[in-house]
Amino acid sequence: MIPYLDLPAQYRSIKPEVDEAVQRVLASAQLILGPEVAAFEQAFAAYCRTSDAVGVNSGTSALHVALRACGIGSGDEVVTVPFTFVATVAAIEYAGARPVLVDVEPGTLTMDPSQIERVITPRTKALVPVHLFGQPADMDPILEIAHRHGLRVIEDAAQAHGAEYKGRRCGSMGDIATFSFYPGKNLGAFGEGGAVVTSDRDLATTMRLLRSWGEEHRYEHRLKGFNYRMDGIQGAILGVKLRHLEAWTEARRSRAALYDRLLADAALRTPVVRDNCRHVYHCYVVRTANRDQLRQTLADQQIQTGVHYPIPVHLQPAYADLGYSAGDFPVAEAAARDVLSLPIFPEMTDAQVEAVASALRVPVQA
Ligand SMILES: *Cc1c(COP(=O)(O)O)cnc(C)c1O
């Protein structure tokens, strides 16, 4: 069996360090926030090349806190994409604002900058590009449009820890960036977790307040906040795992390069990588008209795959009230039909990559 990812293997590779970190937290009983979370925040801010990081309890909470720190609420509009995990759109509604969607680029499947200006209105307050699958969105034109219209930019970097755009780290380009530490993400907690990063000290202060009841001093609430605090155990484990992230990212990139080579002559499209970018391959996504059939062929050979994502957000029943319909975002809709995520994880062996590639090179009946 070739799993889609192998979290037990990752734990085995760093078990003494993780166990020691957990023991430290149990012994100190600093179970919520505390010194381990503070130390991780500092290390993660440095990793993202920002001044501040604020640990929270999920990537979704990170998005909500980021939007609220920008003052976004009822009556406002926030522009994002339909081809993303549903949380990006959900968090905009949590903040009380209206999600306005624009299509993605055909190659990278990230926000298409040429679509943004048509949807900007006097109510637009922010752009939320998603660095999908670990590849940066085209930030230069996105930042330029935001600057020209006085909009905030919040990067959804849930899949893009350590990714780079023209030498800049994902997370350091917008006003704020949000990360998820869901276990399957490139940097994963042993449970839920997330963070916001920024180099704006005022936004950082606001987000620190918002994640913990807006409490400035004990039982003194300056802002209406949330219970979005990070657990001490997660902070301690994330601190350990962050030290391995660069090596894990390079391992992902070398697995991806091997797939690229082995699949060069296969009847499918390998990932399009933007020039001057560091793709961190949260997902290695190929595209083929025979997606469902190919997925079954692989499943028959005990090879697990994923589909990210089979239904774009604007066609989800839950989001029918956004008022979009089929045909509104043709690039996202085509991608939803033909994307297939192959197994990729740092511990994956060359032999496993080769086995997946040879299963894919078998001609598929039309
Ligand atoms: C995982 C993810 C989120 C949500 O993160 P959680 O930690 O699961 O709440 C948001 N946006 C994107 C693009 C994601 O992949």
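All ligand and atom numbering here is 1-based and tracks the order in the structure.
Of the heavy atoms in T60, both backbone and side-chain atoms come closer than 4.0 Å to ligand 1. Residue-level proximity to ligand 1 for A87 is carried by the side chain, the only part with a heavy atom below 4.0 angstrom.
Each of the atoms 13 (C) of ligand 1 lies under 4.0 Å from some heavy atom of T84. Atoms of ligand 1 lying under 4.0 Å from at least one heavy atom of S58, given by number and element, are 7 (O), 9 (O). Ligand 1 places these atoms under 4.0 Å from at least one heavy atom of V130: 13 (C).
Taking all atoms of both residues into account, the shortest heavy-atom contact from G239 to F40 is N-CD1, 3.7 Å.
With respect to E347 and R12, no salt bridge is recorded, no charged nitrogen being found less than 4.0 Å from a carboxylate O. Ion pairing of E333 with R337 is absent here, as no side-chain N (NZ or NE/NH1/NH2) approaches a carboxylate O to less than 4.0 Å.
Under a 4.0 Å heavy-atom criterion, K185 is in contact with ligand 1.
In terms of protein heavy-atom proximity, atom 15 (O) of ligand 1 is closest to Q159 NE2, 2.8 Å. The protein non-hydrogen atom at the shortest distance from atom 11 (N) of ligand 1 is D156 OD2, 2.8 Å.
At least one donor-acceptor pair closer than 3.5 Å links the side chain of R211 to the backbone N or O of G55.
Between G59 and ligand 1, a contact under 3.5 Å exists for at least one N or O pair.
You'll find the ring centres of F190 and Y11 inside the 6.0 Å limit.
Judged by the 6.0 Å distance and 45° axis criteria, R253 is not positioned over the aromatic ring of Y281.
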